[in-house]
Amino acid sequence: MQLTKLEIKGFKSFGDKITINFNEGVTAIVGPNGCGKSNVVDAIRWVLGEQSTRMLRSEKMENIIFNGTKTRKPSNLAEVSLSFDNTKNILPTEFSQVTITRKLYRTGESEYRLNDVRCRLKDITDLFLDTGIGADTYSIIELRMIDEIINNKDNSRRNLFEEASGISKYKIRKKQTLNKLRDTQADLDRVEDLLFEIEKNLKTLENQARKTERYYKLKEQYKQYSIALATLRIRDFQLNLEALQQQELARKTEQTRIVSEIHTLEAGLQALKQETLVQEKNLAAQQKVTNEHIGKIRAYESDKKVRNEQLRNLQALESRLSNELAQDKQQFNHVGYNIKRLSEELAEAQQKLEAFGSDLGIKQREVEELRGQQQSLKGKVDLANQQNQQIQQAIYALEKEVTVWTIQRDALEQESLRNTADTESREQELGQFNTVIADLEQKHESLSAQHQFALEQEEILQKQIRDTGERIASLKDEINRENRLLDARENEYNLTKSLVDNLEGFPESIRFLRKHAGWKKQYPLFSDVLFCKEDYRIAIENYLEPIMNHYVVDTRQEAVHAVHLLRDSSRGRAHFFVLEAIEAGAVAGSAAANTKAAAAGAVG
């Protein structure tokens, strides 16, 4: 794999697009100071994924974009492309020419491209992993990095050797795996907490579910009964309405007949009137007949009033039945409202259940209280500064007042020289002024003492703040050291546990029997059951090293079975201590020797 081409556009001092071809034989880039050699190295480091602005010799990432000159506008884009020849397939890709590109826009957006296909930085890092090419690998070494390697700062020499030997990729993968395991464990803990909370609330939720189920059953029964009751009432109302309609029809028929009779009588009355006009002479004789007819008419009119009153009663009855029907409709609407209200109460109960999660705010308030304590301490310091300023202002005012009184005293002394006649009175006034000045000087001294005391208190508070900050910093450093020590111990424990579980360093026959022996219980090795004082452990283990990997089994049959299993599987040899031989009084060494003789026939 060989670097073939570097294309730079809009990166630092390269405003125009520049292509640098690394043909065969090119070993260095030379030039005078300030021509951009370091910018070429920064471009290579940047396109390989460098994220630190300090390594790019810049304060902000957007400063690497070409900022323009007096005659040119600034660029909106910084783009660097790096091409490699992959004909030997060192990179894990099928392309013989690999080109990586990084772009940064002045708006802050950035993107990576691999053979002009948009990708992630992780894809590029994984592609060049274990190739020695990267933003922080030994492929790019600056002058200050040579000093760090010589001085072995931050184990830089070891990191360089690990990168060159291909170990760093396994460390990176191990770190990624440990992070995934840690995240998975956190997720499992969260799931366990959720399961615990769910199980704790399960009984309450079951009771609520039963109550809800009963509520819905009663609600359904109430709905059926209400519908049945409404149906019966409507049916009765319809029957009553039909009967009233028949009665009304009969009354209307009767009313029509009466009205027709009235019209007939009125027509007869009109005829009689005409006859009265014609037969005025027979008025007296026909007066009695006329009165009788008038009486009949009045009777018919009173009967008409009675029938009208009956008609009004029927109309009132119809109105009352209509009101009852409307009341039944209102009752049906009230039932629907009750159902809706019960649904809202159920929703409120669910909201109350969700409100129990607000306890988290308590812990947040505790954190705010701790911050408030820190702010109160700062407030005390600010208050002391304010008091100091007030005292200084008071001292300045007193000094000004002393100066005024001094000037007045001088004026009085001059006036006393000019006016010898008023010497006694002026002396008295001067004495009073001296008394006032003495008082003012005493006040000045007391205020100065208060000012000095305030300064001392401020120094004490500043010292307390510094001591508190140093103590906090030391505690943080101690916590970080403890965390690093804990991580190291956890890694050491995990590595040791992995080695023990996988029997790393043991013969293949030991590992095979541990997994496939089929014993009733898992038999230990002699090294697992050997106990002695720590002072003699190393000497005893060195002396017994040839038999430390012997299995300790109960019966000879189990040892023979294991030997046959190793022979059939061609997994090597193993040796055993048989406990039944020891219990029978045999010597452990002879039992081991017999078992070794049986194991000698196993196929290597």
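Along the sequence shown, residues carry numbers from 1. Quantities reported herein were computed from a predicted structural model and do not represent experimental measurements. Just so you know, these numbers use all the heavy atoms, side chains as well, and skip hydrogens, waters and symmetry mates.
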Any donor-acceptor N or O pair under 3.5 Å, side chains Thr4, Asp85:
no

Please confirm whether the backbone N or O of Arg72 pairs with a side-chain atom of Thr69, one donor and one acceptor, at under 3.5 Å?
yes

Could you tell me whether Glu111 and Arg113 have a side-chain N and a carboxylate O separated by less than 4.0 Å?
yes

When rounded to the nearest 0.5 Å, the distance separating OG of Ser569 from CZ of Phe512 is 3.5 Å

Do the non-hydrogen side-chain atoms of Ile65 and Asn76 ever get within less than 4.5 Å of each other?
no

Whether the Asp189 and Gln185 side chains hold a donor-acceptor pair (N or O, under 3.5 Å, no angle test) is what I'd like checked.
yes

At what distance, to the nearest 0.5 angstrom, does CZ of Arg190 lie from CG of Leu195?
10.5 Å

Interatomic spacing from NZ in Lys17 to OG in Ser81 - rounded to 0.5 Å
7.0 Å

Search all heavy atoms of Lys37 against all heavy atoms of Gly31 and return the closest pair with its distance.
NZ-O, 3.1 Å

Say you draw a straight line from CG of Asn207 to OG1 of Thr212; how long is it, rounded to the nearest 0.5 Å?
10.5 Å

If you draw a 6.0 Å radius around CD in Glu206, do more than 12 non-hydrogen atoms from other residues or ligands fall strictly inside?
yes

Show your reasoning for whether side chain to side chain contact (heavy atoms under 4.5 Å, CB included) applies to Glu197 and Leu194.
CA-CA 5 Å; Glu197 292 294 333; Leu194 292 175; 5.7 Å; no

Between the CG atom in Leu104 and the OG atom in Ser75, the distance rounded to the nearest 0.5 Å is 11.5 Å

Does any non-hydrogen side-chain atom of Leu48 lie less than 4.5 Å from one of Ile100?
yes

Evaluate the side-chain proximity of Val80 to Lys103: yes if any heavy-atom separation is below 4.5 Å, no if none is.
no

Counting C-beta onward and ignoring hydrogens, is there a side-chain heavy-atom pair between Asn480 and Arg484 closer than 4.5 Å?
yes

Closest approach of Met61 to Trp46 (non-hydrogen atoms, all atoms of both residues):
SD-NE1, 3.7 Å

Decide yes or no for Asp116 and Thr99: does some side-chain heavy atom of the first lie under 4.5 Å from some side-chain heavy atom of the second?
no

Between Gln208 and Thr204, is any pair of side-chain heavy atoms under 4.5 Å apart?
yes

State, with a plain yes or no, whether a side-chain heavy atom of Ile124 is found less than 4.5 Å away from one of Cys119.
yes

Applying salt bridge (charged side-chain N to carboxylate O under 4.0 Å, His left out), name anything that partners Asp123, two or more places apart in sequence or on another chain.
Arg120

Pick one: which of Ile64, Leu77, Ile18, Val47 meets side chain to side chain contact (heavy atoms under 4.5 Å, CB included) with Phe11?
Ile64

Look up atom CZ in Arg45 and atom OG in Ser38, then write down how far apart they are to the nearest 0.5 Å.
10.5 Å

Please find the pair of heavy atoms, one from Leu121 and one from Gly49, that lie closest to each other, and give the distance.
CD1-CA, 3.6 Å

Would you mind checking if Glu7 and Lys5 are paired as a salt bridge, meaning a charged N to carboxylate O distance below 4.0 Å?
yes

Verdict with reasoning, Leu82 to Phe84, per side chain to side chain contact (heavy atoms under 4.5 Å, CB included)
CA-CA 7 Å; Leu82 200 61; Phe84 294 91; 3.6 Å; yes

Kindly indicate whether the side chain of Asn86, heavy atoms from C-beta on, has any atom under 4.5 Å from the side chain of Phe95.
no

Would you sort out whether Thr19 and Leu6 count as a side chain to side chain contact (heavy atoms under 4.5 Å, CB included), showing the intermediate values?
CA-CA 6 Å; Thr19 301; Leu6 174 65; over 6 Å; no

Assess whether a salt bridge exists between Glu79 and Lys9, defined as any Lys/Arg side-chain N lying under 4.0 Å from an Asp/Glu carboxylate O.
no

Heavy-atom pair with the smallest gap, counting every atom of Gln51 and Tyr112:
NE2-OH, 3.0 Å

